[in-house]
Number of protein chains: 2
Amino acid sequence: MAHKQQRATLADVAREAGVSMMTVSRVIHGTGRISDDTRQHVREIIEKMEYRPNRAARTLVTKRTFTIGFVAPDITNPYFTEILQGVEEFFWREGYNVLLANSNENPDREKAILEQLEDTMVDGVIVCSSRLSDDELLPLIAKHAAVVAVNRNLPQHLGSVVTTRHPRGYRAVLAAKYLHETGRQRIGYINLVRSISSVNLDMFMRELQSLEIPINPNWYATCQPNWQAGYDTASQLIAGHPELDAIIAGNDLVALGAMRAAKQYGRHIPDDLALIGGDDILMASQVTPALTTFRSDKYNIGTTAAKLLLQRIGGDMTYCEHHYQDELIIREST
Amino acid sequence: MAHKQQRATLADVAREAGVSMMTVSRVIHGTGRISDDTRQHVREIIEKMEYRPNRAARTLVTKRTFTIGFVAPDITNPYFTEILQGVEEFFWREGYNVLLANSNENPDREKAILEQLEDTMVDGVIVCSSRLSDDELLPLIAKHAAVVAVNRNLPQHLGSVVTTRHPRGYRAVLAAKYLHETGRQRIGYINLVRSISSVNLDMFMRELQSLEIPINPNWYATCQPNWQAGYDTASQLIAGHPELDAIIAGNDLVALGAMRAAKQYGRHIPDDLALIGGDDILMASQVTPALTTFRSDKYNIGTTAAKLLLQRIGGDMTYCEHHYQDELIIREST
DNA sequence: TTTACTAGAGTTAGCGCTAACTCGACGAAA
DNA sequence: TTTCGTCGAGTTAGCGCTAACTCTAGTAAA
């Protein structure tokens, strides 16, 4: 039987030190006027009793939890993990905890998560690549004290924003442009499922048309942002459209799935088929052929989002937006 | 100015419904005796006022936070992320939050984390691949109400355990045995830094000796469990010992770093140099040549650890240990 | 008719902490 | 000597919730 010994409370410390609770509280917070003697004495008692404040009680009074929520659609995707690492590192130094919530690409789950984080009274939330429509997302985050969105625009009064430098979907256009310039004629595109995916695809085609790049609606598909979905979708695309000489994938995991599919269909990359991913996860540079992809400074996206959130938590509700570079990194797959 | 509207409290709901606070509390918890009429009425008011209980207040009374801590040395390592995914998924269904803490391979940080989690009054902790010695770890976790360790043994009264089927370090021996049987004679080993690393290496050599596999202390090195360290360490090993015809790495990230190093030194895998990793992360099967490694059902390790922790949180302090399979998966790198 | 339950509530007393006010003593200025 | 300010505390009143007890009216058994 391992009985946990009862933790000392403020009252215990105060009694032992022969002072009032407020005096102890002041010593802990370094506020108010305390004589050096008293301060020293109280500190010794705190040390001796191994007193540490009860966060729940403090939260009840101050309405602050020193905890923030991080919501991402898939924590096994290295893209989000590296962002998370930046967030966690930053907030740890500030004495905050990070509550992790994985929506698993499920919008209903994301909703439930945002509500639960509200109950937990997190001081703020970082929402990464939300899968919710504005109609669903905005009311949910409006209830949170402080919000920062990553890869998503927000009305200025609702929260700050960290996004790519180029407008949504424009990355694919950049990729197509590059592929066309290097001689590819029939370019496939595997778009990622989002609440706004159809818009994306329309824009993509319009842009290609204006660049005089051949388009064909059958060359485009949409899939979940993971390896298996990329593999499955690319397999269908390659089998159904052997004429394709290039494929752009929404992110690296999908591209790597596509790479495996291409190999299975006997297509040689980059000779028969060029391939472009996105996000530059570690794996992209390690596979053979190394994957051409878009730069993404994930760790700093995380720390930047964290910094913006802390600013809002601190009461400074100035809207900020930060855009990160995402130019193409040419490797062996194109 | 976005003013958050004040959330309704139990007292607000009680007043509005014309009942006592306890009646509302009972309706929420589904405990005690309430007439159907009253229950229905209170529920409507709760709905109308969008009342949701304040977790901090509840915690203050019940001493339960419905939050658990997950401590891992590196959340960018897919190995830990997949375990975490299992943990998060399981606990989400049970209505728990997961506090993520990343020690960044830093023992001092891990200590601080375990103390902070104690302040936060988490209901339990899952400690993954702790970098602390028993002398440091055990007193820290003894203060937690419920603990499960992954990849680490614990005194039975302190917590349950999820580990590999084979004793620590034995994986490397299995790998060496396989390599020797397939004709390799000079086998290098890149061990991972742990608090117990030296013990590991001694055992490794003794085992090899008893299997009549050639040993040489200079063929063995130790490094941090990440790609870069694997690359650096393998580079030195390959440069300094061109006679090596096989390398065993502590985990897949290190093995992939070594694979890159081998390529740079013009060594062909598997012809010139065999390579074995560990943990079977996604990347291991995707690189060329595909990496021979050890199976590891990471997601289920996570859910199992979570299940064992929930059991302890529920008051059942029976010691449990669960061992997962870790046999070798032969791929192209050997 | 008295006793004894029981259903369906309500009342009381905190959990551990902090914000905001109060209070006495001492030294300096008027 | 009186007034006033300041130092160094202490006191009071909750934050929002729940555990544990109390209370009342109605019903069934003796």
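Atom set for the values below is all heavy atoms of this structure, side chains included, hydrogens, waters and symmetry mates excluded.
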Inset, instruction - Look at B:T9 and D:dG16 and indicate whether a side-chain polar atom (N or O) is within less than 4.0 Å of OP1 or OP2. - result: no

Inset, instruction - Decide yes or no for B:I46 and B:V24: does some side-chain heavy atom of the first lie under 4.5 Å from some side-chain heavy atom of the second? - result: yes

Inset, instruction - Establish, with yes or no, whether the OP1 or OP2 oxygen of C:dA7 is under 4.0 angstrom from a side-chain nitrogen or oxygen of B:S35. - result: no

Inset, instruction - Tell me which nucleotide among D:dA19, D:dC15, C:dA19 gets nearest to the side chain of A:M22. - result: C:dA19

Inset, instruction - Report the nucleotide, chosen from D:dT18, D:dA9, C:dT18, that has the shortest atom-to-atom distance to any side-chain atom of B:L10. - result: D:dT18

Inset, instruction - Classify the nucleic acid contact of B:R33 as base, sugar-phosphate or nothing, counting any heavy atom under 4.0 Å across all strands shown. - result: base

Legend entry - The single option from B:T38, B:I45, B:D37 passing side-chain contact (heavy atoms from CB on, under 4.5 Å) against B:H41: B:I45

Legend entry - Nearest-nucleotide comparison on DNA chain D, the residue closer to the 5′ end among A:R26 and A:V61: A:R26

Legend entry - Salt-bridge contact B:E321-B:R152 (side-chain N to carboxylate O under 4.0 Å): no

Legend entry - Touch class at under 4.0 angstrom, heavy-atom based, for B:S20 against every strand present: base

Legend entry - Shortest side-chain distance from B:V19, nucleotide among D:dA9, C:dG10, D:dG10: C:dG10

Legend entry - Short side-chain N/O contact from B:T62 to OP1 or OP2 of D:dT18, under 4.0 Å: no

Inset, instruction - From the options C:dT18, C:dG16, D:dT18, select the nucleotide whose nearest atom is closest to the side chain of A:M21. - result: C:dT18

Legend entry - Check ion pair A:R93-A:E89 (N to O, under 4.0 angstrom): yes

Legend entry - Residue B:T38, side-chain atoms from C-beta onward, closest of C:dT18, C:dA9, D:dC17: C:dA9

